[in-house]
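Step one of this worksheet: look at the structure below.
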Amino acid sequence: MKGALPLPGFRDFYPDDLARRAHIARAWRAVARRFAFVEYDGPPLEPLELYTQKSGEEIVTQLYAFTDKGAREVSLRPEMTPTFARMVAAKANALRKPVRWFSLPQLFRYERAQKGRLREHFQLNVDIVGETSERADAELLAVALEICAELELGAADIRARVSDRRLLSAILNALGLTDAQHGVAYAVIDKVERASRESSMAKLTEAGVTAEAAEALLATVGATTVEALRARFGAHVAVVEALDRLERYLGLMDAYGYRDWVVLDLTIVRGLAYYTGIVFELFDAQGEFRAVAGGGRYDNLLQALGGVDLPALGFGMGDVVLGELLAARGKLDGVKAATPEVWLIAEERVSPAEVIRVGQALRAAGAAVEYAIGDATMNKQRKVSHTAESEHVCFLSGDPAMEGMIGYKRVAARAPLRGLPEQGEHVLELEAVLQAFRRAHGRD
RNA sequence: GUGGCUGUAGCUCAACUGGUUAGAGCACCGGUCUGUGGCACCGGGGGUUGCGGGUUCAAGUCCCGUCAGUCACCCCA
């Protein structure tokens, strides 16, 4: 209506919104930390060339790019990988391998906003550099799934669909497609779920694929087990090799405790051309949202972007779709902005200075303390302490006989503090109250 | 970039086929309650109906444009 609004595709985070975002970020950091990844960051604004060099032409039209006051062509970062590659490449020899880094960048793209896609979002990036084994791929997927578990999503909520570029490539060769036809095949397979069978067939045959091979391909990508593919392509060495690797990978997922979440799905291609091995995408099991996360192995990208030949793999997980999914499953219901722990109510005869002194003593004990800044009657103060949803209320009497004492009442339905009464209004030693908060905040 | 749908207070919505100063609940602010009170009662602020133009005696209601939101396409880091 009136006044300034955020730019299209950008979000204001009111306290409750920020609490939800922080809830997600907390899970990201907690799990990354448990897997002993370390956090890094880079500039949100980068030279335009960083993205135009190695990314496709298409991506350039969606860059949030402009010319700065120094006539430099710059772009807000649309992805973290180029920055990551640069940073790793610059110190490649000095870094202990494998590199296990993660970041929580805010990323930008200039395109029309739609469900699950804005012009700005926060995206967890987790990468491993220096390991060719599928054990690294399994470790990576385990991080992604453990984050979902951390956010109280289970195998019934999340499906990890995995594939392998090497497997798909070997299958295409086995079906008689030329290398030149692989690109078209990838594009068709990527869209096979949404496109009609006729249009898929048409695109393949237009590229010179025989109708017979095209039909075989469309039938093959429907396979959901290693066994089915082994039965069909058991005679092709490259396919078998890829299947063996995938089988070991799935076996490792079992060891992590996440085998139930994972399904083989050859239609997972990932748009980016730089993927070279196992790729995966996380979806909600009910299929009503966009991908929650996606990633895979990109063994040649560091060479191309940073000039060092190191194998690498990683995934990204954005806050938008994940937040939508969590909200839909009721997992964010209790996530609200923080409320005061203690509200200090003072009788009218108590001086502001005395309120401040007690407030500071409580804060020194670790408590989050608020009180009426302006003049307010006792009634008013009580009312405000309730609307502010403070957990505890303390009363200051101006009575000289009450020196060193304080009124106390627990209000909110949260866990009571050890050493303080659970209900009713009481007069306690101020020191006893401070002691209870010190203990609650680990400051005793 | 293309197309569909939508656009009334902070939020959820109302206003017969176009017809007087656009209403309600919640939220917010203030007051009463000398007080266990997230209560009750009273009162208040807040909308040139997204914006601009047109049709009409008269437009929140109809038409056009525009902006925004939303969904889909394109694309997906």
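A note on names: the letters A, B, ... follow the listed sequences, proteins ahead of strands, and every chain is numbered from 1. From a predicted model like this one, the values you see are computed outputs, not experimental measurements.
- Which of U70(B), A68(B), G38(B) sits closest to the side chain of Arg112(A) comes down to U70(B).
- Looking at the side chain of Pro8(A), the nearest of the listed nucleotides C75(B), G69(B), G38(B) is G69(B).
- Comparing Leu7(A) and Glu348(A) by the nucleotide of RNA chain B whose heavy atom lies nearest to each, the residue mapping closer to the 5' end is Glu348(A).
- Asp265(A) and Thr267(A) share a side-chain donor-acceptor pair at under 3.5 Å.
- For the pair Phe315(A) CZ and C76(B) P, the computed distance is 21 Å after rounding to whole Å.
- Put simply, the side chain of Arg382(A) and the base of G38(B) share no donor and acceptor less than 3.5 Å apart.
- The base of C76(B) is paired with the side chain of Arg117(A) by a donor and an acceptor separated by under 3.5 Å.
- Across every strand in view, G46(B) sits unpaired, with no contact that passes the Watson-Crick or G-U test at under 3.5 angstrom.
- Ring geometry for Tyr258(A) versus Trp261(A): interplanar angle over 60°, hence perpendicular rather than tilted (30 to 60°).
- The partner of G69(B) is C5(B), judged by Watson-Crick or G-U wobble contacts that both fall below 3.5 Å.
- The interatomic distance linking Tyr110(A) (OH) with G1(B) (P) rounds to 7 Å, in whole Å.
- Pair assignment for C62(B) gives G54(B), based on Watson-Crick or G-U wobble hydrogen-bonding distances that are each under 3.5 Å.
- At a cut-off of 3.5 Å, with distance as the only test, a side-chain donor of Thr83(A) or Glu46(A) sits close to an acceptor on the other residue.
- Taking atom NZ on Lys115(A) and atom P on C73(B), their separation rounds to 13 Å, with Å as the unit.
- A72(B) and G54(B): their C1' atoms are spaced 32 Å apart (whole Å).
- Within 4.0 Å of Gly9(A), counting heavy atoms only, lie sugar-phosphate atoms of the nucleic acid but no base atom.
- For the pair His121(A) NE2 and C76(B) P, the computed distance is 15 Å after rounding to whole Å.
- A distance of about 14 Å separates the C1' atoms of G31(B) and G45(B), rounded to the whole Å.
- Thr67(A) and Glu73(A) share a side-chain donor-acceptor pair at under 3.5 Å.
- The base of U36(B) has none of its N or O atoms less than 3.5 Å from a complementary donor or acceptor on the side chain of Arg410(A).
- Across every strand in view, C11(B) sits in a pair with G25(B) that passes the Watson-Crick or G-U test at under 3.5 angstrom.
- One atom, OH of Tyr64(A), and another, P of C75(B), lie 23 Å apart when rounded to the nearest Å.
- For the residue pair Arg418(A) / Gln435(A), no side-chain donor-acceptor distance below 3.5 Å is found, with atom types taken as modelled.
- For the P atoms, the distance linking U6(B) with G65(B) amounts to 15 Å, nearest Å.
- Taking atom P in both G18(B) and C57(B), the straight-line distance is 15 Å, to the nearest Å.
- Side-chain to base pairing of Glu389(A) with G38(B): one donor and one acceptor N or O lie within less than 3.5 Å of each other.
- Taking atom C1' in both G1(B) and C62(B), one finds a spacing of 31 Å when rounded to whole Å.
- Using a 4.0 Å heavy-atom cutoff across all strands shown, Arg77(A) reaches no nucleic acid atom at all.
- Under the 4.0 Å criterion applied to side-chain N and carboxylate O atoms, Arg109(A) and Glu120(A) are not assigned as salt-bridge partners.
- Taking atom NZ of Lys191(A) as the reference point, atom P of C73(B) lies 11 Å away to the nearest angstrom.
- Rounded to whole Å, the separation between the P atoms of A27(B) and C63(B) comes to 38 Å.
- Using modelled atom types, one side-chain atom of Gln381(A) and one backbone atom of Ala346(A) make a donor-acceptor pair closer than 3.5 Å.
- Atom-to-atom, CD of Glu111(A) to P of G3(B) comes out at 18 Å; the value is rounded to the nearest Å.
- Between the C1' atom of U36(B) and the NZ atom of Lys409(A) lies a distance of 4 Å, rounded to the nearest Å.
- Nucleotide C39(B) has no partner under the Watson-Crick or G-U criteria, as no pair reaches both atom distances under 3.5 Å.
- Between Lys383(A) and C39(B) there is no side-chain N or O to OP1 or OP2 distance below 4.0 Å.
- Here the separation of G60(B) from U17(B), taken at their P atoms, is 16 Å to the nearest Å.
- Nucleotides of RNA chain B nearest to Thr81(A) and Glu347(A) differ in position, and the one nearer the 5' end is that of Glu347(A).
- Using atom C1' as the reference point in both U61(B) and C16(B), the two lie 12 Å apart (nearest Å).
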